[in-house]
Amino acid sequence: INYVVNSDTLPELDAAITVASAAGASEFLLLPERPAHGHSGIDNVSARNLRQWVTGYSGELRLAVCELGSEGLPTCNPLHKENGVHAYAHITANSVIKRSSYDIDGIVIDSNGVLAALHKLKNSTQATNS
């Protein structure tokens, strides 16, 4: 389950974890809101409260956090030898691979496959929907 965290959704974290567990989720990905589409992103107070919540979390559902929002959060990186798009990339329902789910642009996965698109993404300075 992917969960965008901001001042509106932070108070619902416990309930969201309960729903995710009941649905059989194996991981709960915390996505601190990033500035996009006219939204300012997670505020400092909510970010601090999220860190406190994560530190106190004792549930059975595994927590994860996106790389771009992990500052100050206790995390376990299962891909400790990898970083950037080697450790995480987002693939949309339209077969576009992006550096994160917040990115507007990405690389279309064509007949050459995911790894070729990932290579293009890694080598692009500005990914485009082409």
Side-chain angles (χ1 to χ4, degrees):
I1 301 288
N2 295 352
Y3 192 82
V4 175
V5 184
N6 58 33
S7 61
D8 293 328
T9 62
L10 184 67
E12 302 300 326
L13 262 173
D14 290 324
I17 287 282
T18 300
V19 169
S21 292
S26 61
E27 182 177 271
F28 195 83
L29 177 61
L30 298 166
L31 300 166
E33 184 180 40
R34 309 248 316 146
H37 308 294
H39 297 275
S40 60
I42 191 168
D43 60 79
N44 291 334
V45 171
S46 297
R48 185 178 65 245
N49 290 338
L50 174 60
R51 286 190 295 275
Q52 289 174 341
W53 184 90
V54 168
T55 300
Y57 176 75
S58 61
E60 293 185 21
L61 187 57
R62 183 177 64 231
L63 295 181
V65 64
C66 66
E67 181 179 5
L68 295 175
S70 63
E71 302 85 18
L73 290 172
T75 60
C76 174
N77 183 0
L79 303 170
H80 65 279
K81 293 184 179 180
E82 305 291 344
N83 56 35
V85 295
H86 285 268
Y88 174 86
H90 178 82
I91 298 176
T92 70
N94 297 341
S95 298
V96 175
I97 190 166
K98 303 176 179 186
R99 287 183 172 84
S100 82
S101 57
Y102 290 104
D103 284 355
I104 294 171
D105 296 323
I107 302 293
V108 173
I109 301 170
D110 60 19
S111 61
N112 292 318
V114 172
L115 293 179
L118 182 62
H119 180 73
K120 286 180 188 176
L121 182 67
K122 178 184 172 229
N123 293 321
S124 71
T125 56
Q126 178 70 35
T128 58
N129 257 341
S130 54

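For the single chain, residues carry numbers from 1 onward in sequence order. Predicted model, so just to flag it, every value in this text is computed and none were measured.
- Not counting sequence neighbours, Thr18 has no partner by the side chain to side chain contact (heavy atoms under 4.5 Å, CB included) test.
- Each salt bridge (Lys or Arg N to Asp or Glu O under 4.0 Å) pair with one or both residues in residues 8-17, not counting sequence neighbours, would appear here, but there are none.
- Checked against side-chain hydrogen bond (donor to acceptor under 3.5 Å, both in side chains), Ser21 has no partners two or more places apart in sequence or in another chain.
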| task | Check step by step if side chain to side chain contact (heavy atoms under 4.5 Å, CB included) holds for Tyr3 and Ile17. | result | CA-CA 10 Å; Tyr3 192 82; Ile17 287 282; over 6 Å; no
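- Of all non-hydrogen atoms in Leu61 and Ala20, the two that sit nearest each other are CD2-CB, 3.7 Å.
- Taking 4.5 Å as the limit, some side-chain heavy atom of Leu13 sits within range of a side-chain heavy atom of Leu30.
- In this structure, OG on Ser46 lies 10.5 Å from CZ on Arg51, to the nearest 0.5 angstrom.
- The distance from the CG atom of Leu50 to the OG1 atom of Thr55 is 9.0 Å, given to the nearest 0.5 Å.
- The CD1 atom of Ile97 lies 9.0 Å from the CD1 atom of Ile107; values are rounded to the nearest 0.5 Å.
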Side-chain polar contacts of residues 108-121 - donor-acceptor pairs under 3.5 angstrom, sequence neighbours left out - could you list them?
residue : atom : partner : partner atom : Å
Asp110  : OD1  : Asn112  : N            : 2.9
His119  : ND1  : Asn123  : ND2          : 3.4
His119  : NE2  : Asn123  : ND2          : 2.9

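- Annotation for Asp43 and Val45: closest pair OD1-N, 3.1 Å, computed over non-hydrogen atoms.
- When the side chains of ILVMFWY residues are joined at heavy-atom separations under 4.5 Å, either directly or via intervening members, Val5 and Tyr57 end up in a single hydrophobic cluster.
- Of all the heavy atoms in Leu31 and Asn2, the pair that sits closest is CD1-CB, 3.8 Å.
- Residues forming a salt bridge (charged side-chain N to carboxylate O under 4.0 Å, His left out) with Glu27 (at least two apart in sequence, or on another chain): Arg62.
- In this structure Asn44 satisfies the side chain to side chain contact (heavy atoms under 4.5 Å, CB included) test with no other residue, sequence neighbours excluded.
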